[in-house]
Amino acid sequence: MTPADAVSQTEPVVSAGSFGERLNGAFGRFGRLCVGIDPHSWLLTEWGLPDTAAGAERFGRLVVEASAGLVGIVKPQVAFYERFGSAGYLALERVLGDARAAGLLVIADVKRGDLGTSVEAYGQAWLSPGSPLEADAITLNPYMGVGSLASTIALAADANKGLFLLAATSNPEAAALQQAVLAGGAQAGRTVAASVLDQVQDINSAATGHAGMGSVGVVLGATVALADFGIDIHAPSTAVTTPVLAPGFGHQGANSADVASLFGGYAQGVIVSESRSVLSAGPHHVADEITRRVTEAGATRG
Ligand SMILES: O=c1ccn([C@@H]2O[C@H](COP(=O)(O)O)[C@@H](O)[C@H]2O)c(=O)[nH]1
């Protein structure tokens, strides 16, 4: 059975509408778990695969096959394919193709950022319909200024795609930078992280007319205390639900049962992202592990 067959035997896939609407559909049907596709060298070995582009392709396609019909979202970590150069990109294109054919929402974890014209080219590569690398959403690095991403934000909106801007990431090394307080400009006095979140909420409010799920989200790590980043989880500044890509569950220590206490008023938009904790089950048990973790995250369904 192909991944697409697995999905077509269940309910119809929400394949139309804005990224926010499709994300909301995925939450309603499958819950919040997002399976990361991270072919670490050691994982390929554990899966009995070579540490090559072909190994990473097989790995990714097996993870997609196991995920289809169990979760609504996958997140390939592009870095693990990029390490094999053009062969790695070809492998990734095939993994992305399988995932999209299976009706999975694909968040390509690319973490791109640059000045406007250059970051727009990244948007064209990853978000243009028909592009070989087409995904449903990508991660962006806003540290050249959220304004530098304007052309890609517009491109994503036109193509019904999504974006996730890094705000408070799960790694401890980021805290000093992301907790720093802005000295000037419209966001003076806010932390870097809170300022990114504020600007994303403004973009979503302007785009959605103050209701529903936005299509531009933030990355908020599940391993960090958001209050330390100047983010008041009890007071989202808008009625629009902000999509939150939340890595840090599983291997990095956070527990999906804690979504409500970790994210408060933002919990409704949280995507529980897990890679190693799921993938280390190995090729024969990964589907069981996904099922177990979907059940665990069940209390947090949308
Ligand atoms: O703040 C961030 C942003 C991205 N990541 C990425 O998510 C996965 C996490 O993998 P686990 O195995 O579940 O720890 C990985 O691809 C990271 O690059 C993150 O961890 N934190």
Side-chain angles (χ1 to χ4, degrees), residues 32-47 56 59-60 63-64 66-67 71 73-83 88 92 95-96 99 105-113 126 135 137-143 162-179 191-194 196-197 200 216-226 228-229 231 242-259 262-263 266 269-282 286 289-290 292-294 296-297:
R32 303 185 176 282
L33 186 68
C34 163
V35 174
I37 304 178
D38 294 31
H40 293 258
S41 187
W42 62 270
L43 270 173
L44 290 174
T45 304
E46 281 192 3
W47 280 51
F59 178 93
V63 176
V64 165
S67 301
V71 294
I73 315 163
V74 291
K75 182 181 79 68
Q77 173 51 261
V78 169
F80 290 110
Y81 289 89
E82 209 164 271
R83 68 199 175 102
L92 178 60
V95 175
L96 296 175
L105 274 185
V106 180
I107 302 173
D109 199 349
V110 299
K111 296 192 184 70
R112 300 300 199 253
W126 293 98
I138 55 173
T139 51
L140 287 180
N141 186 331
Y143 301 127
L163 299 169
F164 291 90
L165 276 56
L166 304 183
T169 58
S170 69
N171 58 316
E173 306 86 357
L177 173 70
Q178 294 166 0
Q179 292 175 7
T191 64
V192 170
V196 172
L197 176 58
V200 162
V216 183
V218 286
V219 175
L220 299 178
T223 49
V224 300
L226 291 172
D228 295 344
F229 291 74
I231 294 173
T242 307
V244 175
L245 177 61
F249 291 100
H251 188 91
Q252 293 180 48
N255 187 328
S256 63
D258 298 331
V259 166
L262 290 169
F263 293 98
Y266 293 95
V270 166
I271 298 167
V272 171
S273 179
E274 298 199 34
S275 303
R276 286 166 290 185
S277 52
V278 171
L279 304 171
S280 55
V286 67
E289 188 59 28
I290 292 170
R292 200 175 73 74
R293 287 180 184 270
V294 166
E296 237 173 48

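Remember, it's 1-based here, ligands and their atoms both numbered in the order they're listed.
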**Q** Where the closest heavy atom to atom 21 (N) of ligand 1 is concerned, which of Ser170, Cys34, Ala79 has it?
**A** Ser170

**Q** Looking only at protein heavy atoms, identify the closest one to atom 4 (C) of ligand 1 and say how far it is in Å.
**A** Lys111 NZ, 3.2 Å

**Q** Among His251, Arg293, Lys75, find the residue that satisfies the side chain to side chain donor-acceptor pair (under 3.5 Å) test when tested with Glu274.
**A** Arg293

**Q** Do Ile37 and Tyr81 have side chains that get closer than 4.5 Å, going by heavy atoms?
**A** yes

**Q** What's the shortest heavy-atom distance between Leu96 and Pro76, and which atoms?
**A** CD2-CG, 3.9 Å

**Q** Is Gln252 close to ligand 1, meaning an N/O of one under 3.5 Å from an N/O of the other?
**A** yes

**Q** So, regarding His251 and ligand 1 (criterion: nitrogen or oxygen to nitrogen or oxygen, under 3.5 Å), is there a contact or not?
**A** no

**Q** I'd like the name of whichever of Ala254, Ser275, Ser280 reaches closest to atom 13 (O) of ligand 1 through any heavy atom.
**A** Ser275

**Q** Going by distance only, is there an N or O of Glu274 that falls short of 3.5 Å from an N or O of ligand 1?
**A** no

**Q** Considering distance alone, does some N or O of Arg276 sit under 3.5 Å from an N or O of ligand 1?
**A** yes

**Q** Examine distances only and state if a side-chain atom of Trp126 and a backbone atom of Val110 form a donor-acceptor pair shorter than 3.5 Å.
**A** no

**Q** How close do Gly221 and Phe263 get, counting heavy atoms only, and between which atoms?
**A** O-CZ, 4.1 Å

**Q** Are any of the side-chain nitrogens in Glu46 or Arg276 under 4.0 Å away from the carboxylate oxygens of its partner?
**A** no

**Q** Kindly identify the option in Gln77, Gln178, Lys75 whose heavy atom sits closest to atom 8 (C) of ligand 1.
**A** Lys75

**Q** For atom 19 (C) of ligand 1, state which one of Gly253, Ala222, Ser277, Pro247 supplies the nearest heavy atom.
**A** Pro247

**Q** Run the contact test for Asp109 against ligand 1 with a 4.0 Å cut-off on heavy atoms, strictly below, and give the result.
**A** yes

**Q** Answer yes if the side chains of Ser170 and Gln252 hold a donor-acceptor pair under 3.5 Å, and no otherwise.
**A** yes

**Q** Before giving the answer on side chain to side chain donor-acceptor pair (under 3.5 Å), spell out for Gln178 and Thr191 the whole-Å C-alpha distance, their side-chain angles and the decisive distance to 0.1 Å.
**A** CA-CA 7 Å; Gln178 294 166 0; Thr191 64; over 6 Å; no

**Q** Determine the minimum heavy-atom distance between Leu220 and Ala167, stating which atoms define it.
**A** CD2-CB, 3.9 Å

**Q** Checking the N or O distance criterion of under 3.5 Å, is ligand 1 in contact with Asp38?
**A** yes

**Q** Please state which part of Val219 comes within less than 4.0 Å of ligand 1, counting heavy atoms only: side chain, backbone, both or neither.
**A** side chain

**Q** Can you name the atoms of ligand 1, numbered from 1 with element, that are less than 4.0 Å from a heavy atom of Thr169?
**A** 1 (O)

